[in-house]
Amino acid sequence: MLYYSVSSIFFLIVALLSLTVTLMEFKISFLGFKLLLEVFSVMHGPQEECVRALKNGHLLAISPGGVREALFSDETYRIVWRRRKGFAQVAIDAQVPIIPMFTRNIREGFRTFGCFGFCKWLYEKFKWPFVPIYGGFPVKFCTYLGDPIPYDPNITAAELADKAKQAVQSLIEKHQIIPGNILRALLERVHWREKNE
């Protein structure tokens, strides 16, 4: 979904949206994956590099939950950020706002099998996603952007991260029917309505 956002934003405004990923994605070099990462301006996100990109006028998409959230969140749409605050420190250092983003039905497009205990242990031990994924369902996706959280020099990274988490949670509560349901998300392709209608 983020790759679609990159191409859309690139053609609508002349700012380059860079994505950050874990180092693991850069270690995968088979089937042209590394080239694909380079074409889409994906970078491994050391904080200094992220700050430099923002100060150079680029937009930066960061998923604080990362691979862990992608693999181990579920149809209840719980946020799995732990105590991540590096993204907030990057925003403070670059003196830029954070724009919260949520994609409706994202958990219905792809699912992971429920072997969470063992698979989670493998992920925590080796940092490789040893979780079987299924899906690619043609569900109706819709991405929502929240109100920007402005730069405030008097706020700590932990406080800013908490504000961002609350903003994303608010977007989830406003736009996602919980628990998520694959069949309902597929039917939204034909007859789509906002959650509160």
Side-chain angles (χ1 to χ4, degrees), residues 1-27 37-73 76-107 123-124 127 129 141-176 178 194-196:
M1 202 69 213
L2 285 175
Y3 298 112
Y4 174 76
S5 298
V6 169
S7 61
S8 297
I9 290 173
F10 184 76
F11 288 113
L12 291 176
I13 58 176
V14 189
L16 182 60
L17 173 64
S18 297
L19 306 173
T20 58
V21 296
T22 61
L23 186 59
M24 181 230 6
E25 279 88 355
F26 279 93
K27 292 179 182 175
L37 293 176
E38 291 172 9
V39 167
F40 282 107
S41 297
V42 176
M43 63 183 178
H44 172 249
Q47 287 187 4
E48 300 78 24
E49 189 176 340
C50 292
V51 170
R52 188 170 35 259
L54 289 167
K55 285 186 174 182
N56 287 334
H58 295 246
L59 299 173
L60 188 62
I62 299 176
S63 176
V67 174
R68 182 179 288 109
E69 185 172 51
L71 295 177
F72 302 114
S73 186
T76 62
Y77 285 84
R78 65 187 169 89
I79 296 176
V80 185
W81 288 7
R82 292 193 169 183
R83 293 186 178 99
R84 299 272 175 100
K85 59 185 181 200
F87 72 98
Q89 189 61 55
V90 165
I92 291 169
D93 292 346
Q95 300 181 0
V96 296
I98 291 178
I99 303 171
M101 182 174 98
F102 169 71
T103 301
R104 177 185 172 114
N105 293 329
I106 196 69
R107 303 310 278 143
Y123 175 75
E124 297 299 339
K127 297 298 183 214
F141 290 125
C142 188
T143 300
Y144 300 92
L145 300 177
D147 294 329
I149 302 167
Y151 166 70
D152 180 357
N154 301 318
I155 197 169
T156 66
E159 293 169 333
L160 183 56
D162 191 48
K163 273 186 168 184
K165 188 174 184 178
Q166 290 172 8
V168 171
Q169 186 63 49
S170 175
L171 288 172
I172 292 170
E173 290 169 3
K174 183 176 180 183
H175 299 290
Q176 182 65 50
I178 298 174
E194 279 292 324
K195 175 183 173 183
N196 296 329

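All values below were derived from every heavy atom in this structure, side-chain atoms included, with hydrogens, water molecules and symmetry-related copies excluded.
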Arg68 with Glu124: basic N within carboxylate O range, under 4.0 Å: yes
I'd like to know if the side chain of [X] and the backbone of [Y] have a donor-acceptor N/O pair within less than 3.5 Å.
X      : Y      : value
Ser73  : Arg78  : yes
Thr156 : Glu159 : yes
Arg84  : Pro64  : yes

Identify the two heavy atoms, one from [X] and one from [Y], that lie closest to each other, and give their separation to 0.1 Å.
X      : Y      : answer
Val51  : Val90  : CG2-O, 3.8 Å
Ala91  : Leu160 : CB-CD2, 4.2 Å
Ile149 : Ala167 : CD1-CB, 4.1 Å
Pro148 : Pro97  : CB-CB, 4.2 Å
Met101 : Leu145 : CG-CD2, 3.6 Å
Pro100 : Val168 : CB-CG2, 3.9 Å

Between [atom1] of [X] and [atom2] of [Y], what distance do you get to the nearest 0.5 Å?
X      : Y      : atom1 : atom2 : answer
Ile178 : Tyr77  : CD1   : OH    : 8.0 Å
Glu69  : Arg107 : CD    : CZ    : 7.0 Å
Asp152 : Ile92  : CG    : CD1   : 8.5 Å
Gln176 : Ile106 : CD    : CD1   : 10.0 Å
Lys85  : Asp162 : NZ    : CG    : 12.0 Å
Ser63  : Trp81  : OG    : CH2   : 8.0 Å

Parallel, tilted or perpendicular: rings of Tyr144 and His175 (30°, 60°): parallel
Asp147 atom CG: more than 12 heavy-atom contacts under 6.0 Å: no
Lys165 atom NZ: more than 12 heavy-atom contacts under 6.0 Å: yes
Kindly indicate whether the side chain of [X], heavy atoms from C-beta on, has any atom under 4.5 Å from the side chain of [Y].
X      : Y      : value
Val67  : Tyr123 : yes
Thr143 : Arg104 : no
Phe72  : Val80  : no
Ile98  : Phe87  : yes
Cys50  : Leu60  : yes

